[in-house]
Amino acid sequence: MTKDKLLLLDGNSLAYRAFFALPLLANDSGIHTNAVYGFTTMLQKILEEEKPTKMLVAFDAGKTTFRHDSYGEYKGGRQKTPPELSEQFPYLRKLIDAYQIKRYEKELYEADDIIGTLAKQAENEKMDVIIVSGDKDLTQLATDQVTVYITRKGMTDIEKYTPTHIEEKYGLSPSQIIDMKGLMGDASDNIPGVPGVGEKTAIKLLKEYGSVESLYEQIEDMKKSKMKEKLVENEESAKLSKKLATIFTEAPIDIKLEDLNYPGPNEEELLNVWQELSFKSLIEKSDFQAEEIETAELDFDIAQEVTEDMLKDVMAVHVEIENEHYHSCRVLGFAFTDGAETFYLSFEAMQQNEAIKNWLEDETKKKYMSDSKSAQAILNRVGITLRGVEFDMLLAAYIVNPAISGDDIATLAKEFGYTDIQANETIYGKGAKWAVPTEKVLAEHVSRKAFAIWSLQPILEEKLKENEQFALYYDLELPLASILGSMESKGIKVDIPTLEKMGEDLEQKISALEKEIHDLAGEKFNINSPKQLGVILFEKLGLPVVKKTKTGYSTAADVLEKLQSEHKIVQYILDYRQLAKLQSTYIEGLMKEVHCEDSKVHTRFQQALTSTGRLSSTDPNLQNIPIRLEEGRKIRQAFVPSEEGWVLFAADYSQIELRVLAHMSNDEALVEAFNEGMDIHTRTAMDVFHVSEDEVTSNMRRAAKAVNFGIVYGISDYGLSQSLNITRKEAGEFIEKYLESFPGVKEYMDTIVQEAKLKGYVTTILNRRRYLPDITSRNFNLRSFAERTAMNTPIQGSAADIIKKAMIDMDARLKDEGLKSKLLLQVHDELIFEAPKEEIEILERIVPEVMEHAIELAVPLKVDFNYGHTWYDAK
DNA sequence: GTAGTCACG
DNA sequence: ACGTACGTGACTACT
């Protein structure tokens, strides 16, 4: 049996600490949660680090304690507990119960006394004891066996008081802490002490005299001084104060050490409490073993033979795969259901079955799925073209609320109240323990997923109609999924030798820079480690610290740029960083993603991820291939057409977000600027600086451009000041001038924030929604962020709507015209195609036409295009 | 797994 | 007074 470790927590003190340390967070129903949250993060950290076998949280009971008998003013003058904190105590108790930690309170005694008493008992039993509190008084309890943890700001930052630490910090022993408090008093508990004696004096006196008592025994011998007078005058107060500060270690408590065994949390309960409190980050981080849940019976068959009559006109289908990398991963199995008959069959069985193949390819046979794009890609790998997808649960859920996280069917289904399905983790395990279960278990799991889709289809369809989002879902996202699937499966060809050559060149340059940097630093260190780099720059070389991060010095590019004049090394580091990034992410990283069979990369476009409606791209991310700097831009030379004699054709919207803003705000000046086809940044500069076109300097245009960006992002003076490297005041003035010049924009911004407050969400041109629960938060940061989001999302989201519509129109147009050209990529405001040379002329005509008229706005949309033998040349 | 950094729109 | 620009993904170091 291992040694017991007892963890004693001071509930009230920790709750208070957390309440004042953290911003006033609230859960979805408006209950404040900051104290409970701080308590939880602290607890999580300590549980993980200490793994106690016994635990107790002690609380203060009632208003009066035995201390009031000797001193009526004890804790007098204390502020009443704020209601925002009081309301959290019931949740705190619920939380502690979910952890299965004992809690205890006792009339007339404070939490301190309960803790002191139990600590002493545990010490007698030779246990290790840890006391956690926000109150330094508790440190008097420290011994060789008892360590006192005091939380510092932020709650998870903890100072550990052992007798040695107290000695080092104050030069006192733990028992002298009470003498110290007796002399100096404690304003928060209304303990008087000796007026004029603070921490420093108290420590000095105690080093000389040892304790309050022996001080007064020898006070006669003390030199005459002001201090002596005060001490003599306040002898009674000092002794009383010491008594009040002394934790009583023999409280008559009726809970025993044996009762304090800590079995670990009731994970299900704890998740419930976290859910109620909206502790999303904790829920996501939690690695609780997914408990097997109760599910209703489901009849299903493992089909050996599937005949045509089993395949109905409408069915839910689910393709279960090993992991999210559906272009390469193993396929585990298929399930089909029509709500009455449910059957599963293996991938192998499916491939040999003509009836199923035909059914999957039959446009008139309607499929209900979730993440149909993944299924489309899988089937494409074995030469089957998926047609007739009528419902996609992943997309429907995303449209209803883009904040719904996870593409896992169990998680999605749960969002809509459907729970008859195990978590993937329960079935497969996780991490190293991941394994495919027996076919029976697998078949049931996959069947349940299909059944969940079947069951939720009418519910989601209803929600979409209720929100007037059915068109967005059915006419935009659903057809787009299939287009994206084709783009992904088609892939884009990468010329490996080009990358290899670039890699070698980079290698040389990087090692030269590395040597130079090490020489200038006078030692070898890892330049890639911001920590080590910080030490070199700001300690060894003594450069001024411009900005700090949570963990140390910031060495970000904007900081280094400010330090360029200070030391030669800075430029080398900037260059090194730039090249190292190219090498690791865009040369080595990209090459790892190239499929060897076809020498192509097959990205995955996440269609149900961003909160604005944009796509994102992973494995590899083809939406952030370098372009701004020439060195990086050359990476694009490695992206080539898949056929000899073809070209890459790129078309991008010019200023789409500002055009959307012009449309939505209907600002007269902005609309006019676009209608006249002016350079928008120049035009902005003219209006803001009140100058004529030819008086606009490049600096003015640059400033105007930054303001335009700021407007789109939901402007703040600070943000603009950072981007332009000017003061906040100047930035504020810019913004003011801008809003005077474009009053329609100002009105739009005010209106959209109001609307968000009223409805709780904002919408885009095609009625995409984003909920903004924080818009009414009393926390300034959260609210400000939500307000900026309210301004930005309709703009960014509508631009996303437009290009998505353009993709659908473009796909149809290419088919109509019978062209061989193919859409390969979307990069937020641009589309990239590959095309045979003879189709270039047609594309030059139809691509801008289609893109510019995807959605008609109050201002024209403008599309620029280019083509070349590589992506680099399509500029 | 998180933080810092940096690539894109 | 509060402390920030909006939306992403990948890599490295380090806990």
Side-chain angles (χ1 to χ4, degrees), chain A residues 23-24 45 48-49 281 284-287 402 431 525-534 547-560 573-574 577-590 592-593 603-606 609-629 631-633 635-636 652-653 655-657 706-707 709-724 728 731 735 770 778-797 799-800 803 825-830:
Chain A
L24 204 55
K45 187 175 171 185
E48 190 179 322
E49 283 175 4
S281 62
E284 262 169 51
K285 264 198 297 195
S286 73
D287 53 353
F525 67 100
N526 188 345
I527 309 168
N528 291 318
S529 160
K531 198 174 155 195
Q532 293 181 35
L533 181 61
K547 196 167 82 180
K548 289 198 132 198
T549 65
K550 267 183 247 169
T551 51
Y553 313 108
S554 169
T555 66
D558 61 325
V559 171
L560 296 186
I573 292 167
L574 284 167
R577 280 253 179 92
Q578 190 203 332
L579 300 186
K581 174 88 179 177
L582 290 178
Q583 183 76 301
S584 67
T585 304
Y586 297 105
I587 302 287
E588 289 165 359
L590 188 58
K592 281 187 205 137
E593 296 292 341
T603 187
R604 290 184 341 265
F605 288 106
Q606 305 294 335
L609 186 146
T610 71
S611 21
T612 55
R614 275 192 178 180
L615 302 175
S616 90
S617 155
T618 58
D619 304 305
N621 178 355
L622 294 179
Q623 291 182 320
N624 73 347
I625 302 300
I627 189 163
R628 290 173 192 165
L629 300 171
E631 294 94 321
R633 190 175 201 156
I635 299 284
R636 295 179 174 227
D652 69 291
Y653 283 108
Q655 307 297 350
I656 188 167
E657 292 189 339
V707 175
F709 268 99
I711 291 294
V712 168
Y713 292 156
I715 195 112
S716 78
D717 52 4
Y718 182 86
L720 183 64
S721 75
Q722 287 297 298
S723 98
L724 279 176
R728 251 171 85 158
I735 294 166
R770 179 178 185 177
R778 264 168 291 193
N779 178 278
F780 177 85
N781 279 328
L782 291 178
R783 190 178 62 248
S784 303
F785 185 62
E787 286 169 359
R788 292 197 296 273
T789 312
M791 299 185 240
N792 170 264
T793 295
I795 302 174
Q796 194 184 113
I803 195 163
L825 294 176
Q826 186 249 49
V827 192
H828 311 306
D829 67 353
E830 69 176 321

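Only heavy atoms go into these numbers, but all of them, side chains included; no hydrogens, no water, no symmetry mates. By convention in this document, chain letters (A, B, ...) are assigned in the order of the sequence lines, proteins followed by strands, and residues within each chain are numbered from 1.
When heavy atoms are screened at a 4.0 angstrom cut-off, L720(A) is found touching base atoms of the nucleic acid. Here A557(A) lies in heavy-atom contact (under 4.0 Å) with sugar-phosphate atoms only. Nucleic acid contact class of Q532(A) (heavy atoms, under 4.0 Å, all strands): sugar-phosphate only.
As the counterpart of dC2(C), no nucleotide is assigned, since no Watson-Crick or G-U wobble pattern has both distances under 3.5 Å. Base-pair partner of dC14(C): dG1(B) (Watson-Crick or G-U wobble, both distances under 3.5 Å).
Of the candidate nucleotides dG9(B), dG3(C), dT5(B), dG3(C) has the atom nearest to the side chain of N781(A). The side chain of F780(A) sits closest to dG3(C) out of dG7(C), dA7(B), dG3(C). Closest contact between the side chain of Q578(A) and the listed nucleotides dT8(C), dA7(B), dC8(B) involves dA7(B). Nearest nucleotide to the S723(A) side chain, out of dC8(B), dC6(C), dA5(C): dA5(C).
Evaluation of atom-type donor-acceptor distances gives no pair under 3.5 Å for the side chain of R577(A) against the base of dG4(B). For Q796(A) and dC6(C), a side-chain-to-base donor-acceptor distance below 3.5 Å is present, hydrogens and geometry of angles not being considered. Not a single donor-acceptor pair, N or O on each side, falls under 3.5 Å between the base of dT8(C) and the side chain of S616(A). Side chain R788(A) to base dT4(C): a donor-acceptor pair is found below 3.5 Å.
Residue R604(A) places none of its side-chain N or O atoms closer than 4.0 Å to OP1 or OP2 of dG9(C). The side chain of K531(A) contributes an N or O atom lying less than 4.0 Å from OP1 or OP2 of dT15(C).
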